[in-house]
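For reference, the structure discussed in these notes is given below.
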Amino acid sequence: MENLVQIALQNVNMAAILPSLILTCFGMGLLLINVFLPRGTTRHAVWISLIGIVVTGFFIVTAWGQPQYGFNDAVAMDNFAAFFSIIFLFAAGLSILMSDEYLTREGYPVSEYYPMVLFATAGAMWMASGTDMMTIFLGLEVMSVALYVLAGFFRGQIRSNEAGLKYFLLGAFSTGFLLYGMALIYGVTGSTKLTEIGIYLNAHGALLENPMTLAGLILLSIGFLFKIAAAPFHMWTPDVYEGAPTPITAFMSAGPKAAAFAAFLRIMEYCFFSLKPEWTAILWVLAVLTMIVGNVIAISQTNIKRMLAYSSIAHAGYALIGMVAANEIGYSGILFYMLAYTFMNVGAFAVLVLAGKKGEDNLTLEGFSGFGYKRPFLGVALAIFLFSLMGLPPTAGFAGKFYIFAGAIKAGYIWLAVIGVLNSAVSLYYYLRVMVYMYFRDPAEDYAWVSMPATVVISIVIAIIGVFYLGIIPGDVMEYAKLAIF
Amino acid sequence: MYDKLWLIPFFPLLGSIINGLLGKRFIKNEKVIGAIGTGAVFLSFLVSCKYFFQLLGDSVKTHESVVASWMSVGNLQVDWGFLLDPLSALMIMVVCGVGSLIHLYSIGYMHGDEGYYRFFSYLNLFVFSMLMLVLGNNALVMFVGWEGVGLCSYLLIGFYIEKQSAGDAAKKAFVMNRVGDFGFLLGLFTIFWTFGSKHGVWTINFVEISEQAHLLSGDTVLGLGVTTVATLCFFLGATGKSAQLPLYTWLPDAMEGPTPVSALIHAATMVTAGVYMIGRMNVLFAMSPTTMAVVAMVGALTAIFAASIGFAQNDIKRVLAYSTVSQLGFMFMAMGVGAFTAGVFHLMTHAFFKACLFLGSGSVIHAMHHALHHAHLDDDPQDMRNMGGLRKKLPVTHITFAVSCLAIAGIPGLSGFFSKDEILWYTFASTRGMLIVWIIGAIAAAMTAFYMFRCLYMTFYGQQKTDPKAKDHVHESPWVITLPLVVLAFLATVGGYVGVPEALGGHNQIHHFMEPVFGHAQEVYHIAVKEAMHHNPIEYVLMALSVVLALIGIGVASVMYMKNPDLPAKFTAKFAKLHRWVFNKWYVDEAYDALFVETTKKLGIFCWRGFDVKVIDGIVNGLARVVGACSSALRHTQTGLFQNYALTMVLGTVVMVAIFILN
Amino acid sequence: MEIILFYLVALVAVISGYLVIRCKSPVNSALGLVNTFFCLAIYYVMLHAPFMAAIQIMVYAGAIMVLILFVIMLLNLGTEARQRYTHGVVWSAIASLLVLVNVVYFLKRGRVTGAEGDITPFKIETLGHTELIGKTMFTEFLLPFEIASILLLVAIVGAVVLAKREV
Amino acid sequence: MISVYHYMSVAAILFAMGTYGVLTRRNAIVIFMCIELMLNSVNLTFISLSSYLQNMDGQIFVFFVMAVAAAEAAVGLALMIAFYRNRDSIDVDDVNMLKW
Amino acid sequence: MTDHLLSIITYFPLVGMLVELFLPREADRLIKSVTLVVTLIVFLASLPLAFDDVFINSAAMQYTEFANWISIGQYFQMNYFVGVDGISLWLVLLTTFIMPVTVLSTWHAVDRNTKGFMALLLLLETGMLGAFIALDLFLFYVFWELMLVPMYFMIGIWGGKNRVYAAIKFFLFTAVGSLLMLVAIIYVYYFSVQSGIPFDNGFGITHFYQLDIPAHVQAWLFAAFALSFAIKVPMFPVHTWLPDAHTEAPTAGSVILAAILLKMGTYGYVRFAIPLFPVATMQFTPFLAFLAVIGIIYGALVAMMQDDVKKLVAYSSVSHLGFVMLGVFAMNLQGLSGGMIQMINHGISTGALFLIVGFIYERRHTRLIVDFGGLSKVMPVFATIFMIVTFSSIGLPGTNGFVGEFLILVGAFESELRTFAVFATTGVILAAVYMLWMFQRVMMGKVTNPKNEKLKDLSAREVVVMLPLILFIFWIGLYPNTFLEKMNPALDNLVSQVKGKQQVALMAEDLDQSVTKVIINE
């Protein structure tokens, strides 16, 4: 019996899961505390969960550069995971900052909301740090289940229900494919540990011709492509983003997307590096398809939240270019891009949170007429985020795009890069159109000065700082992104 | 020393600036303004005299003085430099002399005009530009003057800004000049480039060009000799500036300007720039017989063509305008047959008598205008049909006008005779001469005599057709107006005696004076009177013939307009069609409008509405529309139905697998 | 002998699977599903995984299906209304057929080539399946196990938050 | 002798059937059941593989799959109930407010 | 001080902008004054460049500043590398000179939201200066794109009726081109890294000049650059954004657009496209020269038929910049310096024209030619100034326009573009036609429209705005050497470099052919 314990303990390395551990602890603690917290407000929960996030962040930062492995290669808290974890934390933190205001406005001041976000974040971290298919899979599920709940969080709102339900059904469906893929890979290699799989595949060249490997690879990818929202697995995105509570949309568009990229990258690089030609060929097509679908459909959107959803599809496409490039620059480009995207997109959604009225019927282009004059600060902020999404210097978006395209061009995918830039040219149109309404139209109704809750403003300001910091002096962060590549 | 040459153009410029900037606000007083304007020109006249006589006494006949460098880009070095040689010396004398007289005249003529200061400013500016043109030591400085005079004529033709016709005329003048300038530039480029690239001589300096010209003899461009191409281009410039076929139509319209302007710019000086330019580049022209022939023919045709139109004009100034065109034709004939001196000689004499004629007409118009104005009539004060019998009212004007008429008609003893006769002689006798040119010239001379006297008679003789109410108000003009008339009439009389041909026992001083400019080219390229013609009695025959022709012209005129004034009406009735054509100037303007103006406008409209808007923007917006269409089409694939999404996913999977199998 | 059993079970499994996707009434589909679960349990036994078979019965047939049935009852769903939108049943059929074809193609061409482990049926017999599972789970796969617990926690809380009538 | 491929073929068939069900059924709960069917086919694959390869990992995986299935069932059904409360239906054709 | 001069003049406006953001939005006068002062200071600070004689003797970059900006080992490195030589010198000065003029001109023109407008102006100035001084392609690109944003808002917020269309058109046209250029830039960079250019060089063009890129690659890269710049110039047929942008933009916007932004394109050719890809330049020259000539004539023809003064001036820009392009592609000293001079000219003359249009627009709130007529009677001072500017734009000798056009044509005539030059010269005629026709219809004739009868003549402020421009019109016209002597060394160097590489390429070609011949013969 005791030898069993020894066997168990010798693999245990708490440092490898410390961040997610802290986060989950805070989550569970919060669940308990909620019982005693006054109903009808969630302020305290906000601060507690923020503290949790900050603490976690602190531990991640301090652990930078000392990769931790443990649990018998089930998890590896290396720079790669750390970098992504930081992204998740930013996404979570910023969306939590804007949540309180939002929940109160929409009439659902339910504190369970925050633990859910924290759990989702933890799940994302496990995805990023998992080196065993089981860890990744379970992390994915923790994240997804939490997100199903959060997407459908406003029980009384039909759109929220619908978002939750669609997300759930499709998510579960894609899980089926993911699992089947994992099963086949397991069958081919006899292991679920990424490294072992990789070594095994590399050692037995014959396997590369084995159709089962390829089938596994594809079915596996689908699970992640679904979460990334790459065409043709993107169709849930607009509906869910539109229906879900805005802060959750913000979080979903940044955190889970990044998590999926993290897991996808890790699996592709650890397991299938010997199959690179095959999967880059596929991803090339998908990247192009995704960019085109996202950008083109976004043009005819009138609801800004939905438009941003399509734009996030497009951005997934840009990021995929980095994977197609499949060289160091491309990969670290993805890391950097995800961070940049977190700032600009979450920031944009934060503005929407303040711009929206109850039920968010006014988040249409028309509703934004003269917005820049009604709410000068928000107007400028949104403009900045949109320019960053366009990829105009000196903003994070530009630095990110540059990084990724540089990777693609270095790898010789000139035409992919050209298609990419042409797509961002198309995207200019719909971003600009928002600004047309914000500044080139006069306000529809007369407006009074509206006081802005500090928390949301803070998140916006942080996002702005992030956008410009990553845009003007991206050197350091790019360096980190470089170090984060395995 | 000649380093103060820049003073000559400087004074008028100064005057122009002073009047232009201070005239309206500060000086105001007409007397002062007039004094400044006239004084400036007179000063430069004095300086010109100094240099002229200095040059006469000087053994070296070519002097350059460089003031400053203008552009220096690699091998292109352009200076602000002046060149004084007999040719330019003569020209500055004419320009400043006639110029100052006309300024004086304008003081009276423009009296009371609210644009008084503007007028003198422009006029000075013109004199400045003209002097730059004449004195420039390289083609570019000349071009500055060349365009400058164009600008001033634009400003002065459009001086009465209120008049629509004035504006049109001004624009027409400038644009047509531009067409000429286009030619000038091309010629300049050709010369500069061939010199430079073929012979390493990067220059546009006149002296160097004339010295190095022989290098070009071998070179060709587009299969033609470089000199031919270049000189043809230059000649195009000349036709624009000097109102030759086909670019002459602006000059008659230019009469919209005040009369002194017509006198100075459109008779005496500017329009002769073309002639001067050919003289300046005589070596190049001499090298290309083809061009010379073209020049001569164009000159001849212009001479007779314009004269023919002069027959049927009733506006006194227009008659003079066409006669100017015709006389310029004579000058070009001279240039074309290599009689450069003769051309310049005629240029000078023409400046005298034509200026006198214009000022005379101006005096008439001035008088008529006052009279009509006084009687509150709005008849056209320029229409000769309202005049007649003015000789008693305007004695001085009448005399001077008559003298000038005799001069231009080529009556022996007056300046016109000598110059015109020399031209005709050369067209006949020069090695480059052509009989046809001589014939045309002779006929044109006769016609000149006719229409000039027609003009004279209609204006000053017969009974006064002026509206009785206005009759008694017609008075002779003040001295500032009559004095220049007298002086010019005097010059028109005696001006010819500097060029009395040897045949008549003269010494033809002007010929010797111009020797250093033209002699070189003439001897190198064998341009001279044919051997056979030396001391040939035929010269006297021709002289007599031309006199006879002139007398015939005068005679016909007096028959038609003095003896029995109803004859013209009969004629017009008899040759109605012909008359209509002549009266409407052979419909040349209309033709030009239809050919060039309208087509250009149509083209412009097409480019704009047709191409810019429809094609280019059409493509651009079309692209946008296509993308939009795709967007709204794709958008509807997003049905919102769970199962469509799931289906898409599955199909996507299948497709990916398929791709894999294919790989 | 065993092969016959295999095909028999396979037949049953497929038929009940067919019931799941064809029955008009959700309840019937549910029962069909339960049936399938049992067939799979039998397979698990045949594959020397008795413990998995047990959980299969307990978790699936026991927990999940009961939950589902409970919900069906709760929402007392009758036979579902006829479809209102064209979902392209044909397309769906084709698609799923293609999936099948693909998978089968891979199975035919593909080979299971994983490294052989040492957990022979004999070992299972001697050591006992449950203990083996337990050992592996608590040594090698400790972390996933923990994560699974978090997952369940999330699920519970989420279900409560979503289904609770009032806040 | 029964090879692993026999089992996997059965699993494949079930998987395809599940897919078909998901694509064609209207009732959200039934769709969910079809998804469960798919998951089960995966389980079968895993276990057959694991016993063929004679290592435990596959079975452990199945264990977790079951846990996930349970969790999803709980959340999913909760979502359906919430939706039903608002729309009096769990027909996926009614899940169509958000589109285009 | 002087070793950071460029940075100072570039970022000072940015500082000014930040300051303004914190001023109360009601304090119009204050904000305007601040803007004016800032731009004036920048102008004064930039004057030392004008009087520095080093440019007369040296073609090298002066006032360079080099600092490592972004450096990701083995991935890429960007440097903050700026400097001016005779080429960029005058464009920098033109910018710093035009800005105060613009600010002063827009004193009353902008009525609402002055704060935003002035802030954007300053941001724009930083962008433009940065683009002119950048010697690192990446840095250049950053500033290049940065310019779009303020202009977009200026057109869109303070523009005319059709402003939205114009603004978006402007933005999209320019962005599409520049995005392709970005790809090309990155490609060039990695090519340079492969061909062993030191990693520290980053995107520095001075080293890129030494690259010898295979011809077919050059062609693609050049095409990408050329397209981007051609749109900015704008060359036919990608010019259609210009009339819209100009017509809709507020006066200040049009002035800056015409005076400086368009120069970005031509400058881009001179600084980047041509020296980076000389061989490709050689291949493309006839084509681009052809487009340039088309632009000259086409622009003139279209301008002639315009009924809106601003549109007319806009199309005249197309024509003028066609001249510039012709001169640049003549690839000899005359042509290039002519082109540079013409850039400055166009900046001054067309800028002045837009100011003039602005003046009458402020008074009458219409730009249609038919609404005017006989103004010279009502406002003589205005008439005089308008006249001078008109003739400078026509290219009358003695004004700046002539010097530019003459040098360009001479250059073109010396180069292989002779035939093009002949056609281009006809542009001289057409220019006279459309400008004078417009002038006549606006200024001459009787005052037909009673509204025009009591228009106020130019105010002291407006005269002050125009005088410096007129001064330069004559300065450049009468003594261009001031400018030429400083730009010639740099241009000379450029020509020799480019020509040299082209010669090498040609010889290599001949060699190949001869070799193949030999082989065939054997």
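From a predicted model like this one, the values you see are computed outputs, not experimental measurements. A, B, ... follow the sequence lines: proteins, then strands. Residue 1 opens every chain.
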[X] portion near chain A, given a 4.5 angstrom heavy-atom threshold:
X: D/M38; answer: side chain
X: D/A12; answer: both
X: D/S50; answer: both
X: D/V95; answer: both
X: D/F15; answer: side chain

Distance-minimising heavy-atom pair for [X] and [Y]:
X: D/L53; Y: A/G187; value: CD1-O, 4.0 Å
X: D/I35; Y: A/F173; value: CD1-N, 4.0 Å
X: D/Y5; Y: A/M212; value: CE2-CE, 4.4 Å

With chain D as the partner, which of [options] has the greatest number of non-hydrogen pairs under 4.5 Å?
options: A/G152, A/A172, A/S144, A/S300; answer: A/A172
options: A/E141, A/Q157, A/R306, A/K193; answer: A/R306
options: A/V145, A/D239, A/T192, A/V142; answer: A/D239

Between [atom1] of [X] and [atom2] of [Y], what distance do you get to the nearest 0.5 Å?
X: D/D57; Y: A/D132; atom1: CG; atom2: CG; answer: 7.5 Å
X: D/T19; Y: A/Y180; atom1: OG1; atom2: OH; answer: 9.5 Å
X: A/F168; Y: D/I31; atom1: CZ; atom2: CD1; answer: 10.5 Å
X: D/N86; Y: A/R159; atom1: CG; atom2: CZ; answer: 13.0 Å
X: A/N161; Y: D/D94; atom1: CG; atom2: CG; answer: 12.5 Å
X: A/K166; Y: D/N96; atom1: NZ; atom2: CG; answer: 7.0 Å

Identify which part of [X] has an atom lying under 4.5 Å from any heavy atom of chain D, answering side chain, backbone, both or neither.
X: A/M235; value: neither
X: A/L169; value: both
X: A/E162; value: both

Pairs of heavy atoms under 4.5 Å with chain A: top-ranked of D/V68, D/T45, D/L39: D/V68

Under 6.0 Å between ring centres, would you say that holds for A/Y186 and D/F61?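 So the answer is no for these two rings.
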
